[in-house]
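The block underneath contains the structure these notes are about, expressed in structure tokens.
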4 protein chains.
Amino acid sequence: MHRGNRHGRSEEARLSVLEAADDLLVEKGFAQLTIEGIAQRAGVAKQTIYRWWSSKTEILLDAFLSDAAEDLNPRGNAAPDDVATNLRRLAWFLTRSDAGAVFRALMAEAQHDPALAARLRTEYLDKQKERAGFTDGALFDRLVGPIYYRALVTGEEITDRFIDDLVTATFPPASRA
Amino acid sequence: MHRGNRHGRSEEARLSVLEAADDLLVEKGFAQLTIEGIAQRAGVAKQTIYRWWSSKTEILLDAFLSDAAEDLNPRGNAAPDDVATNLRRLAWFLTRSDAGAVFRALMAEAQHDPALAARLRTEYLDKQKERAGFTDGALFDRLVGPIYYRALVTGEEITDRFIDDLVTATFPPASRA
Amino acid sequence: MHRGNRHGRSEEARLSVLEAADDLLVEKGFAQLTIEGIAQRAGVAKQTIYRWWSSKTEILLDAFLSDAAEDLNPRGNAAPDDVATNLRRLAWFLTRSDAGAVFRALMAEAQHDPALAARLRTEYLDKQKERAGFTDGALFDRLVGPIYYRALVTGEEITDRFIDDLVTATFPPASRA
Amino acid sequence: MHRGNRHGRSEEARLSVLEAADDLLVEKGFAQLTIEGIAQRAGVAKQTIYRWWSSKTEILLDAFLSDAAEDLNPRGNAAPDDVATNLRRLAWFLTRSDAGAVFRALMAEAQHDPALAARLRTEYLDKQKERAGFTDGALFDRLVGPIYYRALVTGEEITDRFIDDLVTATFPPASRA
DNA sequence: GGCTAACCGAGACGGTACGTCCAGTCTTCGT
DNA sequence: ACGAAGACTGGACGTACCGTCTCGGTTAGCC
């Protein structure tokens, strides 16, 4: 593995930064996450971080997009059973996974960082919607909205029952026949 | 109003801190909001702030709870028409009002501050649900979840059409008769 | 001893900074002397240093002027015997004392720092000349110049013989009678 | 001129480094002179500098010795008239020439760099003394010392009058006859 | 005339210190 | 007793250079 030459950046440094950022976020939380801490944990000079990223959120976004997106690939289609399964996966992702912790931190920062908000939407949320196979955006929002609401806002547990009721109410049995 | 006295805290100082915090949040965003900045704008010593609040989020929470909660009082009851009206008010609050900006910032911080999250829930969200007159929490979440989702996550516009469809889907006409 | 209050600066902090700077200069030399190192050795925050001094040379000048000037008070008058004694003291100061090490460092910096050069002249050199009781500046320079030259430039030892010859040549015996 | 060969270093690179160092010293002063700056100005890679010089002072010394020494060749011998002329040339060199600026910077660094001090003495000062034709070192020092003193220490102007008095005092008319 | 060694430029790397900013604590004075 | 003022320790910020390194390109001189 090369480190510092005219071919450009060191992949080794890049990966250890992303991993360190991920780990430290989960360990100490966003507020206690510092560039200096990441550099130290990654065994990398601060300047190397500033050369390639402009802020800690950008590091997290990078880490999130590269190692988390695929975990979340919805499968199946918009049929109710598949929908329920995918919503359960979404709930697990948002509330239980490490990548979800990173996502919550990014979502939080996006509240006062429009550029980050835009990147999160185009590079993650929009792709989620596409992969889920929904043509009706409002319908999609009525399904995932309550999940995000509990995960990000109330913190209330997202039970299977909650998801089943949500799917049933959105696709009433009467309309299935 | 008294300043430097033996009669307890200065109401004048308290109000000018809350106002300064509110203003600076809207002007410069959460990240650029500092205790020192608030103290300077409010014409108050830093120590005075630390004596009564423990962090900038607590100042914001104080400001939010005292001057924004009442704006949001739902009216009417859980009947569909009132529900739609209240959801429209909620959407306006979250996306258009200054208090909404404070709320988004607080929500963001709550992602990595469990104490703040708890206070936001007990002192704001729970009361909202109560005042809205919903006995079924899951039903309430299916209604407001999509609103919060668009306001906090996707940033997509919350149109009247979106709200009407949401209400209609949640209370299908068939079930009204 | 007070530390940080509205009466102004902490004398304790001031003195420990000056002492730390002096010590570190002698121990490690000017190039290895850093503000961070001084702060650490003095048990003081970097900001406290930057609040009162603008550079490491200013700290050294402060230390030099306060603790070294009096050591050098010339005594007697411009009579040859007193002159020789005072020149010996000057030679010892420049080449052997800790304060002399600080002075050499300051002289060095003054080569590319006109403000420092000016302060050194007005606050130290001029006073030296005055205290020595010389009315003829050129005469004074012919006496001390060779001492400084050996101390700062050639590093050659300044022997008693060298000083005696210097005084004899400057005040020829013929002129004494 | 070649770049990339197996016959040793590029004269082109060497000269442009020396010139860049000289120029930058005069322009920005010793403290602001950096290896990176020299490399950039000279259009040369940093590594090329580190391959041939070990520090910025070594570059300056190289530049100084190669382009300044000859300017200073004393002429004539130790006779009073020649001496005065040579002292005037020395004063001009130290206070007015670009090479003098480099020399002052080197002298300054030599205060805390014994190796540099040694090289300056053997490769410049000793040769000066030899070329001046003085057998009595102390006598030489009594002549040049006051010049260096004013140039390096007090910054006071070195007038023709000052030099004439210096020579007269050192070689009293009575002793000439 | 292709090979190859020596030197070149470029520039990324791990580090250290810079000078600044803000956090949170403390002490004193004035009201 | 409280508020204003402001100095203090502490620590992260983002920047500038340090000195080291690896790489690809150029150019002799040799086979």
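Below, chains carry the letters A, B, ... as their sequence lines are ordered, and counting in each starts from 1. In this text, all values refer to a predicted model and were calculated from it rather than measured experimentally.
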Separation of [N] [atom2] from [X] [atom1] (nearest whole Å):
| X | N | atom1 | atom2 | value |
| --- | --- | --- | --- | --- |
| Leu15(A) | dA12(E) | CG | C1' | 16 Å |
| Trp53(B) | dG24(E) | CH2 | C1' | 16 Å |
| Ile49(B) | dA23(E) | CD1 | P | 9 Å |
| Arg51(A) | dA16(F) | CZ | P | 13 Å |
| Glu11(A) | dC13(E) | CD | P | 11 Å |
| Tyr50(A) | dG14(E) | OH | C1' | 16 Å |
| Glu58(A) | dG14(F) | CD | P | 12 Å |

Taking only side-chain nitrogens and oxygens of [X], does any of them come within less than 4.0 Å of OP1 or OP2 of [N]?
| X | N | answer |
| --- | --- | --- |
| Thr48(C) | dT9(F) | yes |
| Trp52(D) | dC8(E) | yes |
| Arg9(A) | dC13(E) | no |

More than 12 non-hydrogen atoms from neighbouring residues, nucleotides or ligands closer than 6.0 Å to CD on Gln40(B), yes or no?
-> no
Quick check: are there more than 12 heavy atoms from other residues, nucleotides or ligands sitting under 6.0 Å from CD of Glu19(D)?
->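 No.
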Check [X] against [Y] and note the closest heavy-atom contact, atom names and distance.
| X | Y | result |
| --- | --- | --- |
| Gly37(C) | Thr34(C) | N-OG1, 2.9 Å |
| Gln111(B) | Leu152(A) | NE2-O, 2.7 Å |
| Val17(B) | Ile49(B) | CG2-CG1, 4.1 Å |

When Gln32(B) and Leu33(C) are each assigned the nearest nucleotide of DNA chain E, the 5'-most assignment goes to Leu33(C)
First encountered from the 5' end of DNA chain E, between Arg14(D) and Ile35(C) |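 This one resolves to Arg14(D).
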Report which part of the nucleic acid Thr34(D) touches: base, sugar-phosphate, or nothing (heavy-atom distance under 4.0 Å, all strands).
->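 Thr34(D): backbone/sugar contact only, no base atoms under 4.0 Å.
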Please state whether the base of dC8(E) and the side chain of Gln47(D) form at least one donor-acceptor pair under 3.5 Å?
->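 Counting by modelled atom types and ignoring angles, no donor-acceptor contact under 3.5 Å is found here.
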Do any of residues 36-46 of chain D sit with a heavy atom less than 4.0 Å from DNA chain E, and if so which?
->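 The answer is Gly43(D), Val44(D), Ala45(D).
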What is the distance from atom CZ of Phe30(B) to atom NZ of Lys56(B), rounded to the nearest 0.5 Å?
->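 Reported to 0.5 Å precision, the distance equals 4.0 Å.
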Residues in side-chain hydrogen bond (donor to acceptor under 3.5 Å, both in side chains) contact with Glu27(A), at least two apart in sequence or another chain = Arg41(A)
